[in-house]
Amino acid sequence: MLHERFYMRGPRYDFRGSICDFLIILLIVCFIFQCLAVLTFGEVVILETTSLSYKSLASGYLWSLISYGLVHEGVFHLLFNILGLHFIGRIVSHSMSRNKFILFTVFSLLAGGLAWLLVNSSHSINGLIGFSAAVLAYLTFYCMHRPRQPITLLLFFVLPVTLRPRFILLATLGLETYGLIFAELTSTGSIAHSAHLGGMLCGLILFVITEKKYLFPLRFRFGSNSTMSHSPQPNSSSSARKFKVNFTQESNIQQEIDRILDKINDQGFGSLTPAEKASLEKAKKILGKS
C-alpha cells in the first residue's frame, strides 16, 4: 500500500518501524551487558558461552552460531559494524519486508559462522565474534542491486571519494580473499576474513534468488535492465510515454501508484514527470481518506 512505502512515511513512523534501529540498539545493549559480565564473571567465561568455536559447539552452546554476532572485541569493532548497519543495512532493509530482512541477517550470520568453521581447525584458540558477516552481506546485496549508482565515501573520515558500488564490491572481495589466503590461513592475522566471505556469499545468493539476475555458467549480471543501472535517455520512447489513470476506481489507483513508486525506487524521485507527481499527490489524498 501507499502508506507502507518507506519514502511515504513520516520521521517518527520510520524510526519506530526501522528494524535497523532495533538492531543497533540491540548491539549496543549486548555490548554493555558483555562489559558488565566480563567484570563479574571474567572474559574467558563470557567468550566461551557466546563466541563461536568448536569448543563452544562441543559444549552444547548451539546458540553461538548466532550469538557470536552480538558480542564485539571493543568499542571500535562495535562502532564500525554499527556504521555499516546504519548506512548500508538501512538501505537494504527498505528493499524487502521486515521479516525477510531479519531472516537475511540470521542466515548471513550462519553463513559467516559456517565459513569460519570450515577454514579454521578445531584446534584454533580464538573464537569468532562480531556482526561483520551480516554487514558484508548487506554490502554485497546493495552493490549487486545498484552497481552503477555513485556513492560518496569519506576516506579517513576527511577526503570525499566518489565510487560506484560495483567497484567497491570487487575491491572488498579482493581484499577479503587476500586476507584469507595470506593472513587467516597462515594464522598471522586476527581478522575473520572467512566469515566476511561467508556473509558476502549469502548476500550474493539472496540477490540471485530474489532478483533472478544470473547467467550460469558464464557470469552474474549486476543490477537490472531498468534505468537503475543505466542513465535514462531524455529522448527515449519510454520517457515520452504518457500514463493516465481512472481515479474513480481504487484498483486502478493502486496499480498506477505501485508503478510510480517502483519507478521512484529504481530511478529516484527526480525521474517522475509532472503528471506522475500530480497523480501521486492526488492518490495520496484519496487513499488517505479511505
Side-chain angles (χ1 to χ4, degrees), residues 19-20 22-28 30-31 34 47 49-57 61-93 95-96 100-121 124 126-145 165 168-181 183-185 189-210:
I19 182 60
C20 288
F22 171 78
L23 288 176
I24 289 174
I25 294 173
L26 177 63
L27 291 181
I28 294 175
C30 288
F31 183 72
Q34 174 188 343
L47 292 182
T49 56
T50 57
S51 66
L52 177 61
S53 64
Y54 284 96
K55 183 178 180 180
S56 65
L57 294 178
Y61 305 145
L62 298 181
W63 58 80
S64 62
L65 287 167
I66 300 297
S67 64
Y68 81 87
L70 304 179
V71 292
H72 291 82
E73 186 176 1
V75 175
F76 287 105
H77 189 201
L78 173 66
L79 179 61
F80 282 123
N81 283 329
I82 286 179
L83 289 176
L85 179 57
H86 177 77
F87 289 107
I88 304 173
R90 189 178 303 274
I91 299 176
V92 173
S93 68
S95 64
M96 60 186 71
K100 185 176 180 180
F101 184 77
I102 293 175
L103 287 176
F104 180 30
T105 302
V106 171
F107 280 115
S108 299
L109 293 176
L110 284 174
L114 292 176
W116 184 87
L117 290 172
L118 288 174
V119 170
N120 292 268
S121 67
S124 178
N126 299 323
L128 176 64
I129 58 174
F131 196 73
S132 303
V135 172
L136 268 295
Y138 302 152
L139 176 66
T140 302
F141 183 87
Y142 172 80
C143 292
M144 294 291 292
H145 192 65
I168 295 177
L169 178 60
L170 293 175
T172 303
L173 178 61
L175 291 174
E176 295 295 344
T177 304
Y178 176 87
L180 171 66
I181 298 174
E184 189 172 356
L185 290 179
S190 59
I191 300 177
H193 298 283
S194 56
H196 296 174
L197 290 171
M200 294 179 71
L201 178 61
C202 184
L204 173 63
I205 292 175
L206 178 66
F207 173 80
V208 170
I209 293 175
T210 58

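Given the structure is predicted, the values throughout are model-derived calculations rather than measurements. Only this structure's heavy atoms are used, side chains among them; waters, hydrogens and symmetry mates stay out.
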Side chain to side chain contact (heavy atoms under 4.5 Å, CB included), paired with Leu109, selected from Leu114, Ile66, Leu128: Ile66

Side-chain heavy-atom pair Met200, Leu139 within 4.5 angstrom cut-off: no

Atom pair NE2/CD1 of His86 and Ile91 - distance to nearest 0.5 Å: 9.5 Å

Considering all heavy atoms, the nearest Ser64-Ser51 contact: CB-O, 3.3 Å

Cys30 and His72, any side-chain heavy atoms less than 4.5 Å apart: no

Note, Leu83 side chain near Leu79 side chain (heavy atom, < 4.5 Å): yes

pair Asn120-Glu184: side-chain heavy atoms closer than 4.5 Å: yes

Side chain proximity check, Thr105 to Ile19, heavy atoms < 4.5 angstrom: no

Close side-chain approach of Leu169 to Tyr142, heavy-atom, < 4.5 Å: no

Short side-chain to backbone donor-acceptor contact, Thr50 and Ser67, under 3.5 Å: no

Phe107 atom CZ, over 12 foreign heavy atoms within 6.0 Å: no

Parallel, tilted or perpendicular, as decided by the 30° and 60° cut-offs, for the rings of Phe80 and Phe76: tilted

Tyr138/Phe101 aromatic ring centres below 6.0 Å: yes

Working for side-chain contact (heavy atoms from CB on, under 4.5 Å), residues Leu65 and Leu52: CA-CA 6 Å; Leu65 287 167; Leu52 177 61; 3.7 Å; yes

Close side-chain approach of Leu110 to Val106, heavy-atom, < 4.5 Å: yes

Side chain Trp63, main chain Thr49, donor-acceptor under 3.5 Å: yes

Lys100 vs Leu206 side-chain heavy atoms within contact, under 4.5 Å: yes

Tyr68 (side chain) donor-acceptor with Gly113 (main chain) under 3.5 angstrom: yes

